[in-house]
Amino acid sequence: MKDRVTRRLLGMASFIGIFISLYTVFRAPLDKNLGIVQKIFYIHFPVAIVPYFAFFVVFVCSILYLKTRDRKWDKIAYASAEIGLVIDTALLVTGTIFNKPTWGVWWVWEPRITTSLIMWLLYAGYLMLHFSVGDIERRPRLTAVFGIVAFISVPISFMSIRWWRTAHPLIFTPAKIALGEALDMQMWIPTLIFLASMTLFYVYLLGQRVNMINLQEEIQDLKDEIGG
Amino acid sequence: MSKTPPFICIDSLDKDFGRRKVLNGLSLDVCKGEFLTIFGPNGAGKTTLLRILSTLSGFSSGSIVIDGFEIKENPAEIREKIGFISHNLLLYKDLNAYENLRFYGKMYNIPSPENRISELLQKVELDHRKFDVVGSFSRGMQQRLSIARALLHNPEIIFLDEPFSGLDVHASGVLDDMLEDFKKGNHTLIMTTHNIEIGLAHANSVAILSGGKIVYSKRGNLPDSDDFKSIYYEYAGDKA
Amino acid sequence: MSYLRHIMALVQKDIIAELRTKEMLNSMLIFALLTMVMFNFAFGSSSAMKAVSSGLLWIAFLFASLLGLNRIFVHEKDENCLDGLMLCPIDRSAIYFSKAISSFIFLSLVEIIALPIFTIFFIQESFLSHLWLLIIILVLSNIGLSVVGTLLSAISINTKARDLMLPILFLPVIVPILVAAVKSTELVLSVSSIDTQQFWIDITVWLRTLAIYDIIFALVGFLTFEYVIEE
């Protein structure tokens with residue numbers, strides 16, 4: 001009962017947060033060089049941060065599962081991977097839309113974007129592994145180990161791709177365009193508000209997803225009872 | 001025999017598989033030198049119990065102490081003492097008989113493996129095929145070699161999981177002789193089977209496992225197989 | 001001490017079994033050669049081939065390693081041999097390291113044969129003067145591929161899809177190895193003199209990346225392998 005109230009409150013808070021964010025985004029001044037297109041950055045930035053956070057949760061919960069063998073951690077890890085993957089997809093889409101007007105091409109093999117793509121592939125593999133292990137006794141252990149391996153490989157991939165790119169320096173670095181001198185105080189406030197409400201939204205989805213997994217298992221139990 | 005302290009002590013053992021309970025508060029004591037046969041219908045948890053006792057599987061709660069060693073804390077000490085014979089061969093088919101045994105000999109840190117290997121190969125009547133690849137053996141020969149493999153480190157405790165299933169006449173003869181030797185040698189044995197005649201042939205105590213629990217057990221003065229059959233149906237129900 | 005003896009006995013067992021059938025080695029080698037030939041048809045002219053040759057080399061080795069890694073636990077699953085190993089009083093990580101060492105040896109054997117053929121096909125001129133550098137790159141990359149591949153192979157053997165699962169888990173994780181190996185091989189193949197300071201700065205970055213990767217994932221494998229194979 002208490003869980004349900006908390007989940008509802010979280011849901012409302014994140015929706016209100018996103019509305020406020022949208023309002024502040026359009027109140028913020030127009031970018032001198034990029035014009036209206038720059039607005040997409042406000043959603044691009046939090047959407048870029050939240051997957052890292054979600055996959056970090058997968059990593060931590062995987063370790064906790066192996067240590068405690070409490071199924072709760074396995075459920076949270078799985079739910080977080082799923083949500084992280086959805087948000088990462090949004091990131092790749094907004095990133096591609098943002099690229100065209102700023103760099104003139106749809107896709108650039110730039111370190112951050114490339115890392116997000118590799119992350120997408122890693123966690124798509126994680127979900128495939130989840131569905132591919134039939135043995136429910138084994139599944140949490142195998143996915144937990146891969147959850148750890150995948151997360152550790154992300155920073156090493158990022159570094160190696162960055163060094164790989166330095167051989168062909170870009171004319172615009174995304175850091176300059178997005179965060180550097182181009183972004184003044186009035187642009188930072190909506191960015192941070194958006195980040196906060198996006199994180200809240202993630203936590204809300206996580207709670208809902210874990211709850212859903214629990215309900216699914218309960219239904220299965222009831223079915224087994226009737227069937228057996 | 002009843003006065004000696006239990007050698008293997010299992011106390012309220014639970015094993016959950018997903019949300020299904022395979023073993024449900026199983027308790028059982030086995031003395032040194034005892035030959036216990038556990039009967040039970042398919043799916044009663046016999047194999048699971050032996051896999052847990054031989055440290056292959058974990059368990060959810062309860063405690064198991066073998067010869068003073070707690071199974072979860074000292075698995076290595078327990079592994080040195082036990083031999084496991086099942087219908088799985090546990091042999092490498094691309095290696096020859098000698099290489100298989102020498103490899104496992106190294107795994108068990110056996111000091112002078114050569115003598116032990118030839119002794120065992122003679123026992124299972126395979127010394128003439130010592131250097132042939134196991135993949136070229138008949139099933140019965142592979143099973144005899146598999147028995148030799150399990151006994152390599154001269155274990156004092158032997159677990160047998162449906163050991164006679166699928167054995168040819170020759171291999172069951174070899175196994176029968178060995179079981180009699182073990183009894184004389186004061187080994188402790190636990191065998192599972194659903195075949196009542198085979199199970200009673202060597203045992204000096206019996207137990208029935210059903211629904212994840214020991215529902216019947218008797219030590220010494222065993223009933224003959226017809227009497228035991230009616231006891232079995234009474235305790236294990238119509239599932240047999 | 002007995003830990004090392006166990007690892008050696010396990011590796012020896014894998015090698016004897018493999019040399020008896022040579023199934024894995026032959027298919028890995030032929031696959032690597034096939035990849036090179038296919039690349040030749042896909043990219044056509046030899047001038048274009050030269051520019052991408054180090055990438056080609058590593059794609060060929062990578063897919064050959066995938067083929068081998070897929071098989072590394074197959075013998076243990078036949079006749080439940082893994083149970084046989086788990087019954088032995090040995091440390092679980094000894095099984096992990098022995099499998100990683102076996103895959104390393106098999107991959108290196110394939111590369112030793114494939115590399116000269118690759119040179120004849122695509123490089124034409126000798127690179128023997130910098131061969132020792134190339135060997136360092138190969139060794140470091142092979143260690144990385146083996147330590148990660150062994151762990152992921154042990155995971156994928158337990159899935160319904162089995163050999164379909166390994167590439168999906170393996171390839172995104174070894175991106176850093178591919179990047180570092182291709183870049184450093186390119187450096188070695190393209191420079192005329194390795195005595196310049198710039199060359200050493202560049203190559204150190206990549207060799208260090210490979211070494212760090214190897215250490216981290218050997219540690220991860222050592223710590224987590226037990227959870228993969230236990231029951």
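As the structure is a computational prediction, the values presented were derived from the model and not from experiment. The figures that follow rest on heavy atoms only: side chains count, while hydrogens, waters and symmetry mates do not. Proteins get letters first, then strands, A, B, ... in listed order; numbering begins at 1 in each.
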Smallest heavy-atom separation, W164(A) atom then W206(C) atom, equals N-CH2, 3.5 Å
Shortest non-hydrogen separation from K160(C) to V133(A) and the atoms involved: CE-C, 4.4 Å
Residue F158(A) versus chain C: region with a heavy atom under 4.5 Å: neither
Heavy-atom contact with chain A under 4.5 Å, split by part of I155(C): both
Selection from V182(C), V179(C), L151(C) maximising heavy-atom pairs under 4.5 Å formed with chain A: V179(C)
Roughly how far apart are R138(A) CZ and T159(C) OG1, rounded to 0.5 Å? 11.0 Å
Looking at chain C, which one of L121(A), I118(A), L122(A), V154(A) has the largest number of heavy-atom pairs inside 4.5 Å, strictly under? L122(A)
Rounding to 0.5 Å, atoms CE (M165(C)) and CZ (F131(A)) come to a distance of 11.0 Å
So which atom in V228(C) and which in R141(A) form the shortest heavy-atom distance, rounded to 0.1 Å? O-NH1, 3.9 Å
Check against side chain to side chain contact (heavy atoms under 4.5 Å, CB included), Y65(A) and Y227(C): CA-CA 11 Å; Y65(A) 174 75; Y227(C) 298 110; over 6 Å; no
Step through the shown structure and confirm whether more than 12 heavy atoms of other residues, nucleotides or ligands are within 6.0 Å of CD on E226(C). no
What distance separates I229(C) CD1 from L142(A) CG, expressed to the nearest 0.5 Å? 11.5 Å
Counting only heavy atoms not in Q197(C), do more than 12 sit closer than 6.0 Å to its CD atom? no
For atom CZ of F222(C), decide whether the heavy atoms of other residues, nucleotides or ligands shown that lie under 6.0 angstrom number more than 12. no
What residues of residues 145-153 of chain A sit under 4.5 Å from chain C when you count only heavy atoms? V145(A), F146(A), I148(A), V149(A), I152(A), S153(A)
Okay, T209(C) and chain A: the region with an atom under 4.5 Å from a heavy atom over there is side chain
Could you have a look at V175(C), L152(C), L169(C), V173(C) and say which one has the most heavy-atom pairs with chain A under 4.5 angstrom? L169(C)
Report yes if some heavy atom in the side chain of D135(A) is under 4.5 Å from a heavy atom in the side chain of N158(C); otherwise report no. no
Quick one: pull up CD1 in I177(C) and CD1 in I156(A) and give me the separation to the nearest 0.5 Å. 9.0 Å
If the contact rule is any heavy atom under 4.5 Å from chain C, which residues of residues 66-75 of chain A qualify, in numerical order? L66(A), K67(A), R69(A)
Is chain A contacted by the side chain of F217(C), its backbone, both, or neither, given a heavy-atom distance below 4.5 Å? side chain
Proximal component of A161(C), with respect to chain A [non-hydrogen, under 4.5 Å]: both
Locate the shortest heavy-atom distance separating S160(A) from P176(C); write the atom from each residue and the value. OG-CA, 3.6 Å
